[in-house]
Amino acid sequence: MSALEQDIAKILITREQLQTRIADLGQAISRDYAGKDVLLVCILKGGVLFLTDLMRAVAIPHAIDFMAISSYGGTLTESSGVVRILMDLNSNIESRNVLIVEDIVDTGRTLQYITENLRTRNPASLKICALLNKPSRREVNVTLDYVGFDIPNEFVVGYGLDYNEHYRNLPFVGVLKPDLYARPNQSGTDTV
Ligand code: 5GP
């Protein structure tokens, strides 16, 4: 067991479960967007492992782009909902079919901000593909068009998701041992 794995209380979603579900999502996306110009917009940094596996599961031609968002003024385990764009898209999305690829939806505030922002750029369509969803935490209404897994209200790491920039490289999604993140954290931190 690696040093990182020793910090995990339990594995919630295994590497195999991730790959099986992502293959299904890729098939659904390939079917729904067949014959269309689709742009996958990955929200950095957490969505990056999901994007690269999803791309390999999507059998139709597609383009990719990236956006980095900071959740400002929250803690390391709670996003504040006050969001700003750290890095914007390179592409012009007007009249294109945009599919946002996000790691996890918690309160929904980050995605609400992103979708409102992208809608002003007049894409032909705007949909969301989220790997993980915590329905019990939702504060605002966002429609998720593709969801990998609904998960309980627990802080998860791995497969792109971090705690203080660590654990992103774990090949599974797991719950951190509570004593590792129960410590109070300074406010005003930017998390990406
Ligand atoms: P929301 O705006 O929906 O409350 O939060 C979305 C963002 O908060 C995600 O993109 C992610 O960066 C972060 N987040 C929410 N829940 C978790 C979690 O359980 N683990 C990690 N690592 N990040 C989370």
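None of these values were measured; they are calculated from a predicted model. When a ligand or atom number is given, it counts from 1 through the structure's own listing order.
- Against a heavy-atom cut-off of under 4.0 Å, Thr110 is close to the following atoms of ligand 1: 1 (P), 2 (O), 5 (O), 6 (C).
- Side-chain contact between Leu49 and Arg168 is absent, with no heavy-atom pair separated by less than 4.5 Å.
- Not a single heavy atom of Tyr163 sits under 4.0 Å from any atom of ligand 1.
- Proximity of Arg137 to ligand 1, defined as any heavy-atom pair under 4.0 Å, is not found for any part of the residue.
- Residue Gly108 has at least one nitrogen or oxygen atom sitting less than 3.5 Å from a nitrogen or oxygen atom of ligand 1, judged on distance alone.
- Counting heavy atoms closer than 4.0 Å to ligand 1, residue Asp103 contributes side-chain atoms (C-beta onward) but none from N, CA, C or O.
- Among Asn153, Val156, Asp106, Val175, the residue whose heavy atom sits closest to atom 20 (N) of ligand 1 is Val156.
- Every atom of ligand 1 is numbered from 1 in the order shown, and the set under 4.0 Å from a heavy atom of Glu154 is 19 (O).
- Per-residue contacts place Leu161 under 4.0 angstrom from the following atoms of ligand 1 (heavy atoms of the residue considered): 21 (C), 22 (N), 23 (N).
- Counting atoms of ligand 1 from 1 in the listed order, those under 4.0 Å from a heavy atom of Glu102 are 10 (O).
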>> Assess the residue pair Tyr146 and Asp32 against the criterion (side-chain contact (heavy atoms from CB on, under 4.5 Å)); give the C-alpha distance rounded to whole Å, side-chain angles, the decisive distance to 0.1 Å, and a yes or no.
In response: CA-CA 11 Å; Tyr146 306 92; Asp32 296 350; 2.6 Å; yes

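- From Glu154, atom CD reaches atom CG of Leu12 across 6.5 Å, with rounding to the nearest 0.5 Å.
- At a 4.0 Å cut-off, at least one heavy atom of Lys134 sits close enough to ligand 1 to count as contact.
- By the rule that hydrophobic residues join a cluster once side-chain heavy atoms approach within less than 4.5 Å of another member, Val140 and Leu126 end up as members of separate clusters.
- Considering only residues two or more places apart in sequence or on other chains, Ser30 meets the side chain to side chain donor-acceptor pair (under 3.5 Å) condition with none of them.
- Across the listed options Ile114, Ile104, Val142, Ile104 owns the non-hydrogen atom lying nearest to atom 11 (C) of ligand 1.
- Ion pairing between Glu94 and Arg121 fails under the 4.0 Å rule for side-chain N and carboxylate O.
- Between Met67 and Ile85, the closest side-chain pair of non-hydrogen atoms falls below 4.5 Å.
- Within ligand 1, the atoms closer than 4.0 Å to a non-hydrogen atom of Asp162 are 21 (C), 22 (N), numbered from 1 in the order shown.
- Considering only residues two or more places apart in sequence or on other chains, Tyr167 meets the side chain to side chain donor-acceptor pair (under 3.5 Å) condition with Asp7.
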